[in-house]
Participant: 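Pasting a structure below so you can have a look.
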Amino acid sequence: MTTAPVILDRAAIDAMIGVIEGRGHRVVGPVVRSGAVVLGDLSSTADLPVGISDEQTPGRYRLTARDDEALFGYVVGPSSAKPFLHATGVPVWQGERTADGSFATRKPEAPTPVAFIGIRPCDLAAIGIQDKVFLNGYRDGVYGDRREGVFSVVVNCVEPGGTCFCTSMGTGPRASKGYDIAVTEVIDDEEHWFLAEPGSDAGQEVLAQLGAAPASDDERVRVENLLVDAADRMGRGLDTEGLPEAIKASMESPRWDEIAKRCMACANCTLVCPTCFCATVEDETDLAGLEAQRVRRWDSCFNEEFSYIHGGSLRPSTYARYRQWLTHKLSTWVDQFGEMGCVGCGRCITWCPVGIDITVEAAALAAAAKEATHV
Amino acid sequence: MQTIPESTQIDPMAPVPCKVTAQWDVTEDTFGLRLAAPAGYSFQPGQFNMLYQFGVGEVAISISGDPAYPESLVHTIRGVGAVTKSLRNLRAGDVVGMRGPFGNSWPVEQAVGHDVVLVAGGIGLAPLRPALLHVLNNRNDYGRVVLLYGTRTPRDILFQQELQEWRGRFDMDVLVAVDAAGRDWHGSVGVVTKLIGRAPFDPHNAVAMVCGPEIMMRFTGRELVTRGIQPSMVYLSMERNMKCAVGFCGHCQFGSAFVCKNGPVFTYDDIGDLLDIREV
């Protein structure tokens with residue numbers, strides 16, 4: 001397998017979409033819906049948010065117009081790969097009563113495998129994190145059936161978003177693994193091209209069908225510089241050194257109470273998070289009670305019923321729910337899966353209606369824990 | 001604690017139909033449900049099943065039967081929610097969905113050669129019963145055997161007949177306390193922790209297994225350690241909201257643990273500190 005990068009133009013990106021679709025994929029990529037860039041069905045580059053950018057600050061998200069025709073001139077919106085792989089509102093199994101008074105279950109059909117065009121490095125890393133949740137030991141059918149056969153064209157980020165901190169989490173702005181093709185977009189007044197690198201045999205096969213020219217050393221250096229520069233311009237950071245232990249030592253910190261005064265327990269952060277995996281199930285029947293299914297829906301540790309056992313919720317207070325969420329993300333996740341449950345995409349910061357910033361809260365907890373151990 | 005090998009079922013989420021072989025009342029709100037287990041089924045004391053009433057819903061229920069007879073799969077269930085009340089209507093010959101067993105188990109192997117102290121609160125006696133039956137089935141492997149049981153009122157006492165048999169044995173001690181009782185009760189009144197000081201066992205050579213409401217386990221764990229049992233020899237079975245039983249749904253998290261797959265049995269050494277923190 002040759003792994004030499006090639007140069008594509010917009011027409012070649014369109015051709016690539018066609019080739020991938022021809023391989024039997026449902027092609028999904030960034031599209032504008034209801035004033036936000038989300039992942040939706042894509043048939044050509046004309047469906048992409050061409051010439052669009054976004055402004056993101058804590059609690060605020062706006063689309064803006066660019067003065068060029070960039071195809072990928074924005075960062076992540078509220079949706080990630082999660083709705084497609086860890087799908088919500090889908091049956092885990094279906095079943096029916098049988099004549100002898102028993103019942104039989106059957107597995108729902110697996111949907112067409114998705115190809116993600118323009119998924120970002122942070123979201124690609126998030127898929128890797130959810131793989132460890134759902135395909136580690138027991139295999140989750142809903143996730144596994146959708147995960148197998150996924151094709152990913154990752155787009156490296158040359159312009160970090162306003163709430164991004166992927167460099168701290170080691171997930172971006174350049175994808176290092178897990179993709180079939182990695183694309184970096186270069187655009188200025190004179191030129192507009194894409195450097196594409198294969199990351200798998202399938203990616204190599206697709207690129208080979210495009211008849212693209214290999215990238216020159218100058219082109220490769222230019223992309224390299226853009227990505228280094230993007231990392232340097234990342235406005236946010238999270239010091240992860242010793243953080244899991246510091247948060248564990250902060251279980252009774254007064255900071256949780258202080259956060260709870262701002263947190264509305266709305267669950268937005270968990271819904272936009274590309275790694276949050278908590279879900280509930282609902283058992284349903286038809287009116288005759290002959291057909292049944294178990295439907296899985298996303299749940300959130302911010303919901304009061306989430307921790308319900310007979311007698312009441314175990315986490316009635318907002319402070320306890322926020323503590324559970326942040327502690328899980330940055331501390332106990334490491335115990336469970338060997339890495340943090342955060343990729344630094346910044347969504348929980350942008351989509352928090354009151355702009356609570358996980359990097360600020362984690363740093364405050366860590367600083368207080370450090371102070372406590374020095375006393 | 002024993003590590004249970006990962007399930008070999010094709011889909012751990014799909015319930016398997018099982019025939020009900022008996023249903024009976026245990027107390028006013030608690031009933032027994034015996035199922036014919038699928039071929040090849042076996043379980044360790046302390047494990048649980050997910051029971052599914054067709055179209056109604058699913059609940060996590062500990063196994064309370066004898067592990068030596070896994071084909072006769074006994075559950076003791078409090079009928080207090082929509083699904084458990086519906087399960088109460090099952091009769092012999094009906095079919096219920098089952099998946100399991102899930103979770104880790106009581107340390108019955110590690111306890112060989114030691115005194116065994118079982119402390120139960122309320123329905124917590126049900127998941128301890130398989131451990132006690134295993135110990136009694138292999139009585140010579142263990143030192144002294146003590147069961148301490150606290151419940152709300154005399155009418156809530158589970159397994160009354162069996163408790164009387166156990167009390168009549170010369171090779172174990174049974175102490176029972178109730179929270180409240182009328183004048184016709186001549187036994188102990190008070191919390192189960194008060195029984196620990198009276199229980200005959202050697203704390204330096206004892207293994208404790210505790211199951212009950214969280215607050216009861218918190219104080220019981222503390223009391224057992226005060227009495228001299230090593231915190232690593234005190235085992236507690238935690239209750240959390242369980243939906244999937246295999247670590248996918250996230251509901252049962254308790255610190256770093258998924259109670260469904262890393263538990264439900266933990267040592268006081270591991271979780272004693274967390275029990276002292278509110279709303280974990």
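Residue numbers start from 1 in every chain, and the chains themselves are labelled A, B, ... in the order their sequence lines are given, proteins ahead of strands. The shown structure was predicted, so the numbers you read here are calculated from the model rather than taken from an experiment.
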Participant: Can you tell which of B:G57, B:P15, B:G247 has the highest number of heavy-atom pairs within less than 4.5 Å of chain A?
Facilitator: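 The option with the most such pairs is B:P15.
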Participant: What's the shortest heavy-atom distance between A:F103 and B:V96, and which atoms?
Facilitator: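 Between these two residues, the closest heavy atoms are CE2-C, 4.1 Å.
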Participant: Is chain B contacted by the side chain of A:Y143, its backbone, both, or neither, given a heavy-atom distance below 4.5 Å?
Facilitator: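 Neither the backbone nor the side chain of A:Y143 comes within 4.5 Å of chain B.
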Participant: Within this structure, what is the CZ-CG distance for the pair B:F248 and A:N136, rounded to the nearest 0.5 Å?
Facilitator: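 Here the rounded value is 9.0 Å.
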Participant: I'd like to know if the side chain of A:H328 reaches the main chain of B:G255, judged simply by a donor and an acceptor atom lying under 3.5 Å from each other, with no hydrogens or angles considered.
Facilitator: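 Checked: no pair found.
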Participant: Please report the closest heavy-atom contact between B:M13 and A:R296, naming both atoms and the distance.
Facilitator: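 Nearest heavy atoms, B:M13 then A:R296: CE-NH1, 4.3 Å.
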Participant: What are the two closest heavy atoms between B:A14 and A:T105, and how far apart are they?
Facilitator: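 Reported closest heavy-atom pair: CB-OG1, 3.9 Å.
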Participant: Please flag which part of B:Q253 lies under 4.5 Å from any non-hydrogen atom of chain A: side chain, backbone, both or neither.
Facilitator: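 Both parts, backbone and side chain.
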Participant: Do B:I277 and A:R323 come within less than 4.5 Å of each other through their side chains, counting heavy atoms only?
Facilitator: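 SC-SC contact between B:I277 and A:R323 confirmed.
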Participant: Is there a side-chain contact between B:N262 and A:Q336 in this structure, where contact means two heavy atoms from C-beta onward sitting under 4.5 Å apart?
Facilitator: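 When only atoms from C-beta onward are counted, A:Q336 and B:N262 do not touch, as no gap falls below 4.5 Å.
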Participant: Considering all heavy atoms of both residues, which atom of B:E279 and which atom of A:S317 are nearest to each other, and what is their separation?
Facilitator: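 That closest heavy-atom pairing would be OE2-OG, 2.5 Å.
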Participant: Using a 6.0 Å cut-off, check whether atom NZ of B:K19 has over 12 heavy atoms from anything other than its own residue.
Facilitator: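 Counting neighbours around NZ of B:K19, 12 or fewer heavy atoms of other residues, nucleotides or ligands fall under 6.0 Å, so no.
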Participant: Given heavy-atom pairs under 4.5 angstrom as the criterion, report whether the side chain, backbone, both or neither of A:E291 touches chain B.
Facilitator: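 For A:E291, the backbone is the part near chain B, not the side chain.
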Participant: Can you confirm whether more than 12 heavy atoms, excluding those of B:R155, are under 6.0 Å from its CZ atom?
Facilitator: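 Counting neighbours around CZ of B:R155, 12 or fewer heavy atoms of other residues, nucleotides or ligands fall under 6.0 Å, so no.
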Participant: For B:S256 and A:T332, work out which heavy atoms get closest and say how close.
Facilitator: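 Looking at all heavy atoms of both residues, the shortest contact is OG-CG2, 3.3 Å.
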Participant: Taking atom CG of A:L135 as the centre, report whether more than 12 heavy atoms of other residues, nucleotides or ligands fall under 6.0 Å from it.
Facilitator: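 Check passes, neighbour count above 12.
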Participant: Identify which of A:D140, A:D299, A:V334 forms the greatest number of heavy-atom pairs closer than 4.5 Å to chain B.
Facilitator: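 Of A:D140, A:D299, A:V334, A:D140 has the most heavy-atom pairs under 4.5 Å with chain B.
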Participant: Can you tell which part of B:R278 gets under 4.5 Å to a heavy atom of chain A, answering side chain, backbone, both or neither?
Facilitator: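 Contact with chain A is through both the backbone and side chain of B:R278.
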Participant: Using the six-membered ring wherever Trp is involved, compare the ring planes of A:F277 and B:F258 and label them parallel, tilted or perpendicular (cut-offs 30° and 60°).
Facilitator: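 Correct class here is tilted.
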Participant: Quick check for you: among B:C244, B:G97, B:C249, which has the greatest number of heavy-atom pairs under 4.5 Å with chain A?
Facilitator: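 Ranked by heavy-atom pairs under 4.5 Å with chain A, first place is B:C249.
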Participant: By a 4.5 Å heavy-atom criterion (distance strictly below it), what part of B:P213 contacts chain A: side chain, backbone, both, or neither?
Facilitator: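 Neither part.
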Participant: Chain A: which of B:V80, B:D94, B:V83 shares the most heavy-atom pairs with it under 4.5 Å?
Facilitator: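 Looking at each of B:V80, B:D94, B:V83 in turn, B:V80 comes out on top.
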Participant: Could you tell me whether B:E58 and A:R294 have a side-chain N and a carboxylate O separated by less than 4.0 Å?
Facilitator: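 Yes, B:E58 and A:R294 are salt-bridged.
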Participant: Is it the case that atom CG in B:D273 sees more than 12 heavy atoms from other parts of the structure closer than 6.0 Å?
Facilitator: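 No - once you tally the heavy atoms of other residues, nucleotides and ligands closer than 6.0 Å, there are 12 at most.
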Participant: If you measure from OG on A:S102 to CZ on B:F54, what distance do you get to the nearest 0.5 Å?
Facilitator: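 It comes to 9.5 Å.
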Participant: Among A:D283, A:D335, A:D100, A:L314, who wins on heavy-atom pairs under 4.5 Å with chain B?
Facilitator: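 Looking at each of A:D283, A:D335, A:D100, A:L314 in turn, A:D283 comes out on top.
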Participant: When heavy-atom pairs shorter than 4.5 Å are enumerated against chain B, which of A:E96, A:R321, A:H86 gives the highest number?
Facilitator: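 Top count of heavy-atom pairs under 4.5 Å with chain B: A:E96.
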Participant: What are the two closest non-hydrogen atoms of A:Q324 and B:V280, and how far apart are they?
Facilitator: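 A:Q324 and B:V280 have their closest heavy atoms at OE1-O, 4.2 Å.
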Participant: Pick one of side chain, backbone, both or neither for A:E284, based on which atoms fall under 4.5 Å of a heavy atom in chain B.
Facilitator: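 It is the backbone, since no side chain atom gets that close.
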Participant: Is the closest side-chain heavy-atom distance between A:E305 and B:N241 below 4.5 Å?
Facilitator: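 Heavy-atom side-chain distance check fails, nothing below 4.5 Å.
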Participant: What's the separation between atom CG in B:D276 and atom CD in A:E252, rounded to the nearest 0.5 Å?
Facilitator: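 Separation between the atoms: 8.0 Å.
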